[in-house]
2 protein chains.
Amino acid sequence: MNNNNPSRQKSLTRQLEGLWQLLRPANVWIGGLSIGVGAWVTGLLSPFQNVLLACFSGALITGAANTINDFYDIEIDRINKPARPLPSGKVSPQTAFFWAIFLFIAGVGTSLLINKTAFWIASTASVLLFFYSYSFKRLPLIGNFTVSLVAGLAFIYGGVSVGRFKQALIPATFAFLFHFGREILKDIEDISGDRAGRARTFPICCGVKAAQMLITFIFFLLISATFLPYLNGEYNLRYFLIVLPGVDLYLLYVIFAVWRNTEPANLHKISTGLKIDMLVGLASILVGIQ
Amino acid sequence: MNNNNPSRQKSLTRQLEGLWQLLRPANVWIGGLSIGVGAWVTGLLSPFQNVLLACFSGALITGAANTINDFYDIEIDRINKPARPLPSGKVSPQTAFFWAIFLFIAGVGTSLLINKTAFWIASTASVLLFFYSYSFKRLPLIGNFTVSLVAGLAFIYGGVSVGRFKQALIPATFAFLFHFGREILKDIEDISGDRAGRARTFPICCGVKAAQMLITFIFFLLISATFLPYLNGEYNLRYFLIVLPGVDLYLLYVIFAVWRNTEPANLHKISTGLKIDMLVGLASILVGIQ
């Protein structure tokens with residue numbers, strides 16, 4: 001009965017705590033919730049059971065992605081975040097790896113209970129998120145693209161769960177462009193740390209000016225795209241009256257501010273503002289659905 | 001009556017011929033036609049008058065884009081294409097510039113006869129195409145992104161002309177990814193010429209390997225995306241039976257071939273194949289609309 005001695009039990013508790021921390025619980029909540037919002041945005045929350053399944057499956061996949069990220073970042077975290085479950089020794093790397101794979105399978109498995117399209121999206125997102133940690137995030141632009149794409153896919157996933165594929169394409173496009181611009185912006189902010197860590201981001205390999213141009217280009221496109229569903233009668237005037245001052249005006253300011261001052265502190269402020277701006281955009285869609 | 005002397009007349013004819021050549025007529029046809037196909041793909045060609053207006057407006061904007069491109073490329077064309085209207089002196093740069101502006105205004109003006117959404121798309125595309133020639137095409141990725149985006153917008157433009165905004169989003173997404181991958185591929189092909197001309201493309205500033213990764217990533221996404229409208233019941237089985245062997249199998253081959261051999265001759269062959277593959281994809285959508 002060696003398994004029941006106190007030190008062994010303490011180690012088990014420590015390990016369970018570590019596995020829980022690897023998920024990054026707050027992050028998992030956001031992952032699940034954003035899919036629920038994705039379903040809501042399409043104007044429908046029924047069948048509600050499917051919405052819940054999609055949220056749960058999205059939460060599992062988010063947890064899996066966070067875990068596998070810690071697995072591949074162990075050497076960096078030894079220096080930057082020694083208290084994390086892996087560098088602190090709470091959980092062994094091997095256990096963390098199998099924990100991630102288990103969560104991916106559970107998340108994709110849950111998607112099977114929704115429908116075939118959901119299964120396909122969950123599988124694609126899982127593969128993308130795995131390779132993000134494995135290599136994409138160290139490649140210029142491909143990492144940014146992946147993060148933005150998965151953020152957009154969350155809406156489509158929610159939409160698909162209630163059988164509204166096409167209605168989700170518009171918020172998904174907005175989310176993609178929002179995240180993509182913000183990712184490049186954050187890469188300018190992190191330029192000195194990334195250079196020290198030999199990461200090859202877009203501003204490092206193509207220059208800050210090219211990155212500023214890309215941000216301008218993406219946000220100009222996003223502003224332009226926000227006009228379309230209103231002009232087309234897809235969303236109503238309430239949408240437009242929120243989007244124009246609430247989202248587009250701030251995006252114009254961001255474009256301006258990114259050219260004027262590229263100090264990390266300034267970029268950090270802008271990047272936080274963009275997060276709030278996304279919520280305003282989401283609200284505008286929710287009140288603007290015809 | 002000095003205006004009627006023969007040499008003056010010959011010069012006028014020469015100039016009119018030059019203005020016509022600046023449009024690149026074959027290209028203009030394709031521009032107009034692709035919008036018509038965009039309308040057709042959404043499953044509707046009525047009101048037919050709007051489809052014709054959209055094609056005509058798209059053709060005018062294509063001509064404008066080609067003309068402004070010659071205006072900004074005059075120094076390069078003096079060496080590479082001395083017979084073009086501008087380096088040969090058939091048309092003065094100033095005339096070419098105003099000719100382009102006139103065509104842009106005519107194209108955007110025509111879009112006003114369709115609806116507000118069409119006007120907004122035509123304006124955005126015109127601004128993008130102007131800045132493409134002015135600077136974007138000399139910037140890594142932003143040029144590629146612009147070309148791909150306008151290629152995708154053509155479908156949305158056609159769709160909007162028949163009031164089918166959402167139906168056009170799927171083919172537009174496919175067209176965007178197809179062109180984007182192909183553009184990066186062509187950048188690897190042109191690497192030595194671009195380096196000599198001091199152009200800063202993605203493979204030049206981030207390396208061939210990053211470009212290979214990006215192509216792999218984009219085409220993997222495209223393959224994955226082609227499954228969605230079938231799984232979701234948006235397009236029928238006929239679509240899937242054409243797309244799977246006709247499009248996706250070739251894309252897999254492209255991913256493989258891009259890693260194996262990056263010689264310009266090989267890449268050129270692949271890039272031509274991709275053009276044919278796009279037509280197969282288009283056909284699959286046309287027969288696959290429910």
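The chains referred to below are lettered A, B, ... by the order of the sequence lines, with proteins before strands, and numbering in each begins at 1.
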- Applying a strict 4.5 Å limit to non-hydrogen atoms, the region of B:Leu221 in contact with chain A is side chain

- Quick one: CD1 on B:Ile142 to CD1 on A:Ile218, what's the gap to the nearest 0.5 Å? 8.0 Å

- Would you kindly say whether the two SG atoms, from A:Cys206 and from B:Cys205, are closer than 2.5 Å? yes

- Note on the structure: Applying a strict 4.5 Å limit to non-hydrogen atoms, the region of B:Ser135 in contact with chain A is side chain

- Query: Roughly how far apart are B:Glu234 CD and A:Thr117 OG1, rounded to 0.5 Å?
  - Reply: 10.0 Å

- Task: Answer with side chain, backbone, both or neither: which region of A:Leu228 has an atom nearer than 4.5 Å to a non-hydrogen atom of chain B?
- Result: both

- Highest number of heavy-atom pairs under 4.5 Å with chain A among B:Phe202, B:Tyr230, B:Phe217, B:Phe165 belongs to B:Phe217

- Pick whichever of A:Lys209, A:Lys116, A:Arg200, A:Met213 has the most heavy-atom pairs under 4.5 Å with chain B. A:Met213

- Task: Taking the side chain as every heavy atom from C-beta outward, state whether A:Asn232 and B:Asn115 have any pair of such atoms under 4.5 Å apart.
- Result: no

- Query: Quick one: what part of A:Ile156 sits under 4.5 Å from any heavy atom of chain B, side chain, backbone, both or neither?
  - Reply: neither

- Close side-chain approach of B:Phe145 and A:Leu214, heavy atoms under 4.5 Å: no

- Message: Looking at A:Trp120 and B:Ser224, would you say the former's side chain and the latter's main chain have a donor-acceptor pair under 3.5 Å?
- Response: yes

- Answer whether the closest heavy-atom distance between the side chains of B:Leu128 and A:Phe220 falls below 4.5 Å. yes

- Considering only heavy atoms and a distance below 4.5 Å, find which of B:Val160, B:Thr146, B:Ile204 pairs most often with chain A. B:Thr146

- Item | Residues, nucleotides or ligands: over 12 heavy atoms within 6.0 Å of B:Phe131 CZ | no

